[in-house]
S.K.: 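Shown below is the structure under consideration.
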Protein chains: 2
Amino acid sequence: MAQALTHRLEAFTRLSPDDKEALAKLSKVARVVPPRRDLIREGEKPKFVHLMVDGWACRYKTLPDGRRQVVAFFVPGDFCDLNVYVLKEMDHSIGAITRLSVADISRDDMDALTTNYPRITQGLWWEALVNAAIQREWTLNIGQRTAYERIAHLLLELFLRLRTVGLTNGISCDLPLTQTDLADATGLTAVHVNRTLQELRRDGLIVLEKRRLTLPDIEALMTAAMFNPNYLHLDHEGRYLDSNQ
Amino acid sequence: MAQALTHRLEAFTRLSPDDKEALAKLSKVARVVPPRRDLIREGEKPKFVHLMVDGWACRYKTLPDGRRQVVAFFVPGDFCDLNVYVLKEMDHSIGAITRLSVADISRDDMDALTTNYPRITQGLWWEALVNAAIQREWTLNIGQRTAYERIAHLLLELFLRLRTVGLTNGISCDLPLTQTDLADATGLTAVHVNRTLQELRRDGLIVLEKRRLTLPDIEALMTAAMFNPNYLHLDHEGRYLDSNQ
DNA sequence: CGTAGAGTTGATTGGTCTCAAGATGCGTGG
DNA sequence: CCACGCATCTTGAGACCAATCAACTCTACG
C-alpha cells in the first residue's frame, strides 16, 4: 500500500533505488481528507498535482439541475493531472470517497522531479496517457455498452487497476463505492444499478457485499463485459495481466 | 486555415515570431489522407504525433460485435496524443472524415520542439489538458444529458472549437459529419439523431443543411444544452468567448 | 440513368427511469 | 445496551425515451 505509485510505474518501467526514494518522499507529505469531502471544486484555481497515497477519490462534474457524472475514480498510486496548474480554473471537482491520504505536489516539486529523474518523467507520461485512455474507454462504456456490460466492465477495470498496485487478494478486493457512486459513474440510476448487480450475482460473475468485491470467474466476466485490457497498457515491460500481483 | 495550430495556441499564450515559424514548419510536411481512410488502427505501434492541418478526423473505438463509439473529433489545429510513442500499441483507431491534411511528427522532432521552444511546450501542455477536459465533458454529455441536450452540446462545442481556429463565418461553420457520425459520437442511433436534429431545427436553435451549420441563437442553444464553456479553457490570456475573431 | 450513401418517416419494442415504499445496516447518544 | 436516525440497499408498478426494423426519398456522382 505504502508505495502504490512505485508499484504502478513499475508496471511500465524499471525504477532505480534513487527513483524509488524520490517517489517515496512524495508520499511522505500526504495529508488526510475525511470521506465525502471535496479536495478541490470546479471554478477554483488548481495549485497542486495530487497523488493518491491511500483511499479512494473521484473526479466528477455536475449540471446546473443537479445531475452528476463521475468521470474518473482514483485509487492509490493514481496521479491526477500532471501540469494542471497551467489552467486558470478547474472544470470539475475532485472528492474523497473514503478517508483519503493525498499528497499535494507543488509546481516546483514537480519540475524538480521531472528534471532530475528521467525514468520517473517517462513513467508519469505513461501514467497520463493511460489515464486518458481510461477516460476514452469510459466514453465507449457509457456510449455503447448495456447496463449489464457497463457495470461488469467498470468493476473489472477497478479490480485490475487495484491489482497493478498490489491491492487485491487473489480474486478479491475492497470496493468502497456505494451503488449511487456506481450509478453516477455509469450514467445509470441507483435503482437500475441495484437490479443489474443482482443479475451479475445471479449469473455467478461477481460477489459484492460489505464493500468487498470478489470475481469468481474473471474470464467469464471479461467476456460478458467485452473487456479488452489493452487500454490499461500494462504490458510494457513484460508484465502481463495474468501475472497476479 | 493554414495556421490553425498557431491560432489555437494563441488562445492560450502569446507566441514569438520564432515560435510561429517553428509551428509553420510542422504544417509544411503534411501529407494528404483521403476521406474515410484510417490514419492508424487499434493494435498498431504508434510512431508519430499527428497534427491536423486541414480537414476533419475522429478517434474511435469498436466493440467485438461492431458497436462503434467516436470518442473525439479532430479539427484543424488539433494535436493528438503528445508522447503517444511511449505506448506499445494503440488502444483505438484514428480515421479521416473528410479529405485530410495531416503532419506526422517524429519523436525526435517533438523533442527538439519542446527543448527549443518553451512557450510552445507550455502551449502543448495546455492543448493536452484541454483535450483531456473535452474527453471528460463527453463522458458527462453521454452519461447525463438527454439526446436533445447531447446533440446541442456537441454542435456547440464543435462550433466554438472551430471559432478558436478561425474556421467560422459569423454564426456559421462547415460541419462535414454525417448523422451516423453524430450518432456514433453521442451514443445514439442515427434514426434518433435525425429526429432530434429536426426538433432542434423546429425550435429555431440550429440550421443544418448541406454540411453547413448555422447557430441563429447561440445563447438559447447554450441554455438548452446546459453548455458551460469553461472546459475549453479559452480565457487564459484575456481571450473571451464572445470576442468573435 | 443507375447505384449507393445519406437522410427521413412510421410502427413497435424494450431498456432504463421514475416514483414510492419498505428493509437493512450501522453509528451515535441517551 | 437499546433506541433512534440516516444512509444504503431493495422491491414493485408504470411511464417514457430511445432502439429496432423496415420502408421510402433524396442527392451526388460515375
Side-chain angles (χ1 to χ4, degrees), chain A residues 34-37 56 63 65-70 95-99 141-155 174-202 206-213 224, chain B residues 34-37 56 63 65-70 95-99 141-155 174-202 206-213 224:
Chain A
R36 302 295 162 181
R37 170 83 50 86
W56 287 55
L63 292 178
D65 64 0
R67 278 175 278 175
R68 172 183 142 110
Q69 177 71 40
V70 169
I97 290 172
T98 62
R99 181 173 177 281
N141 203 29
I142 299 176
Q144 299 299 328
R145 279 185 259 252
T146 63
Y148 187 90
E149 295 163 341
R150 213 181 289 183
I151 293 177
H153 192 281
L154 177 58
L155 296 179
D174 285 332
L175 194 96
L177 306 176
T178 65
Q179 293 183 358
T180 302
D181 291 328
L182 289 172
D184 288 346
T186 51
L188 301 165
T189 58
V191 171
H192 200 59
V193 166
N194 181 287
R195 297 196 231 261
T196 308
L197 286 173
Q198 289 178 51
E199 277 190 75
L200 286 162
R201 288 192 189 101
R202 222 176 290 140
I206 67 165
V207 177
L208 177 55
E209 48 185 17
K210 305 206 174 165
R211 308 280 121 109
R212 189 139 187 98
L213 172 68
Chain B
R36 302 294 163 182
R37 170 82 50 86
W56 288 53
L63 293 178
D65 63 0
R67 278 175 279 176
R68 171 181 143 112
Q69 177 71 40
V70 169
I97 289 173
T98 62
R99 181 172 177 280
N141 203 28
I142 298 175
Q144 300 299 328
R145 280 186 258 253
T146 64
Y148 187 90
E149 296 163 342
R150 212 182 289 182
I151 294 177
H153 192 280
L154 176 58
L155 295 179
D174 285 332
L175 194 96
L177 306 177
T178 65
Q179 294 183 356
T180 302
D181 292 328
L182 289 171
D184 288 347
T186 51
L188 301 165
T189 58
V191 171
H192 200 58
V193 165
N194 181 289
R195 296 195 231 261
T196 308
L197 285 173
Q198 290 177 50
E199 276 190 77
L200 286 163
R201 290 192 189 101
R202 221 176 292 141
I206 66 165
V207 178
L208 177 55
E209 47 185 17
K210 303 205 176 170
R211 307 281 123 109
R212 189 137 186 99
L213 172 69

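Throughout, a chain's letter reflects where its sequence line sits, starting with A, and its residues are numbered from 1. In this text the structure is predicted, and so the values were computed from the model without any measurement.
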S.K.: Please report the distance, rounded to the nearest Å, between CG in A/N194 and P in D/dT11.
M.R.: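 Distance check: A/N194 CG to D/dT11 P gives 7 Å.
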S.K.: Are any of A/Q179's side-chain N or O atoms less than 4.0 Å away from OP1 or OP2 of D/dT10?
M.R.: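 Looking at the OP1 and OP2 atoms of D/dT10, one of them is under 4.0 Å from a side-chain N or O of A/Q179.
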S.K.: In terms of side-chain heavy atoms of B/R195, which of C/dT16, C/dG10, C/dT18 is nearest?
M.R.: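 The answer is C/dG10.
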S.K.: Quick one: B/E209 CD to C/dT8 P, roughly how many Å, whole number?
M.R.: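 The distance from CD of B/E209 to P of C/dT8 comes to 10 Å, rounded to the nearest Å.
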S.K.: Using the side-chain heavy atoms of A/Q198, tell me which of these nucleotides is nearest: D/dT20, D/dC9, D/dT11.
M.R.: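 So the nucleotide nearest the side chain must be D/dT11.
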S.K.: Grab the NE2-P distance between B/H192 and D/dC16 for me, whole Å please.
M.R.: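 Interatomic distance, NE2 of B/H192 to P of D/dC16: 15 Å.
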S.K.: How many Å lie between CZ on A/R202 and P on D/dT11, as a whole number?
M.R.: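 To the nearest whole Å, that distance equals 9 Å.
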S.K.: Using whole Å, what does the distance between atom C1' of nucleotide C/dC17 and atom CZ of B/R145 come to?
M.R.: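 To the nearest whole Å, that distance equals 19 Å.
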S.K.: Does atom CZ (B/R212) have a neighbourhood of more than 12 heavy atoms from anything else shown, all under 6.0 Å?
M.R.: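 Counting neighbours around CZ of B/R212, more than 12 heavy atoms of other residues, nucleotides or ligands fall under 6.0 Å, so yes.
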S.K.: Are B/R201 and B/V207 close enough that some pair of their side-chain heavy atoms sits under 4.5 Å apart?
M.R.: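 Of all side-chain heavy-atom pairs linking B/V207 with B/R201, none is under 4.5 Å.
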S.K.: Identify which nucleotide among C/dC17, C/dT18, D/dA18 has an atom closest to any side-chain atom of B/A147, counting heavy atoms from C-beta outward.
M.R.: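 Of the options given, the side chain of B/A147 lies nearest D/dA18.
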S.K.: Quick one: which of D/dT10, D/dA19, D/dC9 gets closest to the side chain of A/R211?
M.R.: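 Looking only at heavy atoms from C-beta outward on A/R211, the closest nucleotide is D/dC9.
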S.K.: How long is the line joining CG of B/D181 and P of C/dA6, in whole Å?
M.R.: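 For the pair B/D181 CG and C/dA6 P, the rounded distance is 8 Å.
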S.K.: When you look at CZ of A/R37, are more than 12 heavy atoms from neighbouring residues, nucleotides or ligands closer to it than 6.0 Å?
M.R.: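 Check fails, neighbour count at 12 or below.
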S.K.: Report which part of the nucleic acid B/T189 touches: base, sugar-phosphate, or nothing (heavy-atom distance under 4.0 Å, all strands).
M.R.: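 Base, at least one base heavy atom under 4.0 Å.
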S.K.: Atom NZ of B/K210 and atom P of D/dT27: how far apart are they, to the nearest Å?
M.R.: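 Interatomic distance, NZ of B/K210 to P of D/dT27: 8 Å.
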S.K.: Rounded to the nearest 0.5 Å, how far apart are CD of A/Q179 and OG1 of A/T186?
M.R.: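 If I round to the nearest 0.5 Å, the distance is 10.5 Å.
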S.K.: Touch check for A/T146, heavy atoms < 4.0 angstrom, all strands: base, sugar-phosphate only, or nothing?
M.R.: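 Counting heavy atoms under 4.0 Å across all strands, the contact made by A/T146 is with sugar-phosphate only.
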S.K.: Rounded to the nearest Å, what distance is computed from the CZ atom of residue A/R212 to the C1' atom of nucleotide D/dC9?
M.R.: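 A/R212 atom CZ is separated from D/dC9 atom C1' by 20 Å.
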S.K.: Heavy-atom count around A/R67 CZ within 6.0 Å, excluding the residue itself: above 12?
M.R.: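 Yes, because the 6.0 Å sphere around CZ of A/R67 holds more than 12 heavy atoms from other groups.
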